[in-house]
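Notes to accompany the following structure.
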Amino acid sequence: MKFETPQVNIYVENLEISRRFYERIGFKVTFTAEIHGKPVHHEMVLDGFTLGIATRESAREEHGLSPGKNSGCEIVLWTENTDEAVHFLLEGGATILSEPHNFLDGRLRVGWVSDPDENPIQVVSKIVQK
């Protein structure tokens with residue numbers, strides 16, 4: 001048995017708000033699933049990584065799932081400047097979870113925000129050693 005093309009899907013309340021939030025980061029929509037002419041799922045790609053966002057409503061109605069708020073996984077975004085990236089995300093509707101701080105003996109700078117549906121996003125950058 002062979003598996004391929006893995007991706008992460010998250011469930012959201014408002015597909016439009018979430019799509020705009022992730023597009024602002026740089027994700028591009030590559031596929032949209034519609035039910036009765038209404039978008040219920042987008043697949044979005046950033047730097048080869050595919051993120052699926054789907055409505056909680058469609059998960060319940062179409063698949064019998066009961067997705068809740070996320071607390072068991074996170075999206076990780078590497079960047080050149082954690083502080084600037086966290087600020088950018090906050091301007092786009094994110095909520096701060098953990099202020100940027102140095103980590104691993106000062107080799108990394110990390111901070112956490114949550115997207116509009118409380119999915120955690122870790123923002124991380126390497127600290128250039130002088």
Side-chain angles (χ1 to χ4, degrees):
M1 174 158 302
K2 179 182 176 187
F3 296 96
E4 57 188 31
T5 319
Q7 74 181 55
V8 171
N9 287 340
I10 58 175
Y11 296 105
V12 301
E13 288 298 325
N14 188 306
L15 194 64
E16 179 67 17
I17 288 172
S18 293
R19 180 189 57 77
R20 286 194 315 260
F21 179 86
Y22 284 100
E23 282 179 332
R24 190 167 188 271
I25 294 170
F27 281 89
K28 305 284 186 218
V29 175
T30 58
F31 170 77
T32 299
E34 294 183 355
I35 297 176
H36 307 296
K38 178 182 173 186
V40 296
H41 173 93
H42 294 302
E43 288 182 5
M44 309 179 79
V45 175
L46 175 65
D47 200 21
F49 172 75
T50 301
L51 172 66
I53 56 174
T55 64
R56 284 189 178 88
E57 177 184 24
S58 70
R60 283 188 296 270
E61 292 176 2
E62 300 297 323
H63 307 294
L65 299 174
S66 299
K69 295 290 184 182
N70 182 325
S71 62
C73 70
E74 66 188 12
I75 296 167
V76 178
L77 298 173
W78 284 86
T79 185
E80 293 181 0
N81 185 309
T82 296
D83 296 77
E84 289 179 8
V86 165
H87 180 73
F88 177 81
L89 293 170
L90 293 174
E91 288 179 336
T95 303
I96 193 75
L97 296 176
S98 177
E99 294 286 343
H101 58 278
N102 291 351
F103 181 61
L104 293 180
D105 298 322
R107 293 184 307 221
L108 299 178
R109 183 122 176 111
V110 298
W112 276 262
V113 300
S114 63
D115 73 6
D117 285 279
E118 299 181 21
N119 295 296
I121 300 171
Q122 179 188 151
V123 181
V124 60
S125 60
K126 292 181 181 177
I127 296 175
V128 178
Q129 303 295 325
K130 295 179 183 182

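The first residue of the sequence shown is numbered 1, and numbering continues consecutively from there. What you see below is based on every heavy atom in this structure, not just the backbone, and it leaves out hydrogens, waters and symmetry mates. Nothing here was measured: the structure is a model prediction, and the numbers come from that model.
- Without hydrogens or angle criteria, Arg24 side chain to Phe88 main chain gives a donor-acceptor distance under 3.5 Å.
- Between the Ser18 side chain and the Val12 main chain, no donor and acceptor come within less than 3.5 Å of each other.
- Under the 3.5 Å distance criterion, the side-chain polar atoms of Ser58 are matched with a main-chain donor or acceptor of Thr55.
- Within the 4.5 Å cutoff, the side chain of Arg56 has heavy atoms near those of the Asp117 side chain.
- Across every non-hydrogen atom of Thr95 and Leu90, the tightest pair is C-CD2, 3.8 Å.
- Side-chain heavy atoms closer than 4.5 Å link hydrophobic residues (I, L, V, M, F, W, Y) into clusters, and following such links, possibly through other members, connects Phe27 to Val8.
- Contact of the Leu97 side chain with the Pro120 side chain is registered, since non-hydrogen atoms from C-beta on lie closer than 4.5 Å.
- In this structure, the separation between CG on Asn81 and OG on Ser125 is 6.0 Å, given to the nearest 0.5 Å.
- Within 6.0 Å of CD in Glu34 there are more than 12 heavy atoms belonging to other residues, nucleotides or ligands.
- In plain terms, the two heavy atoms of Tyr11 and Pro67 that are nearest each other are CD1-CB, 3.4 Å.
- In this structure, Arg109 is not positioned above the aromatic face of Phe103 in the sense of NZ or CZ being under 6.0 Å from the six-membered ring centre and within 45° of the axis.
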Working for side-chain contact (heavy atoms from CB on, under 4.5 Å), residues Asn102 and Leu108: CA-CA 6 Å; Asn102 291 351; Leu108 299 178; over 6 Å; no
- prompt: Are His41 and Glu62 close enough, and set up right, to give a side-chain contact (heavy atoms from CB on, under 4.5 Å), and what steps lead you there?
  reply: CA-CA 12 Å; His41 173 93; Glu62 300 297 323; over 6 Å; no
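- Hydrophobic clustering places Val29 together with Ile25 (ILVMFWY residues linked when any side-chain heavy atoms are closer than 4.5 Å, directly or through intermediates).
- Contact annotation: the side chain of Glu74 never approaches that of Ile121 to less than 4.5 Å [non-hydrogen atoms, C-beta and beyond].
- Ion pairing of Glu23 with Lys28 is absent here, as no side-chain N (NZ or NE/NH1/NH2) approaches a carboxylate O to less than 4.0 Å.
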- request: Start with the C-alpha gap between Glu43 and Thr32, add the side-chain angles, then the distance that decides, and say whether side-chain contact (heavy atoms from CB on, under 4.5 Å) holds.
  value: CA-CA 6 Å; Glu43 288 182 5; Thr32 299; over 6 Å; no
message: Let's go through Tyr22 and Ile17 carefully: what are the C-alpha distance in whole Å and the side-chain angles of both, what is the deciding distance for side-chain contact (heavy atoms from CB on, under 4.5 Å) to 0.1 Å, and is it a yes or a no?
response: CA-CA 9 Å; Tyr22 284 100; Ile17 288 172; over 6 Å; no
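- Residues Val45 and Phe31 are members of separate hydrophobic clusters, defined by side-chain heavy-atom contacts under 4.5 angstrom among Ile, Leu, Val, Met, Phe, Trp and Tyr.
- By the criterion of side-chain heavy atoms lying less than 4.5 angstrom apart, applied directly or through intervening Ile, Leu, Val, Met, Phe, Trp or Tyr residues, Val123 is grouped together with Ile96 in one hydrophobic cluster.
- Expressed to the nearest 0.5 Å, how far OG1 of Thr82 lies from CD of Gln122 amounts to 8.5 Å.
- For the pair Val86 and Glu84, the minimum side-chain heavy-atom distance is 4.5 Å or more.
- Nearest heavy atoms, Pro100 versus Asp83: CB-OD2, 3.5 Å.
- Using a 4.0 Å cut-off between charged side-chain N and carboxylate O, Glu16 and Arg19 make a salt bridge.
- If you take CD on Glu57 and CG on Leu15, they are separated by 10.5 Å, rounding to the nearest 0.5 Å.
- Between the side chain of His101 and the backbone N or O of Glu99, at least one donor-acceptor pair lies under 3.5 Å.
- Neither Trp78 nor Leu46 shares a network with the other; the hydrophobic side chains, linked directly or stepwise wherever heavy atoms of I, L, V, M, F, W or Y lie under 4.5 Å apart, form separate groups for each.
- Checked against Asn119 for a side chain to side chain contact (heavy atoms under 4.5 Å, CB included), the options Ile10, Val113, Ile53, Leu51 give a single hit: Ile10.
- Rounding to the nearest 0.5 Å gives a distance of 10.5 Å between CG of Leu89 and OG of Ser114.
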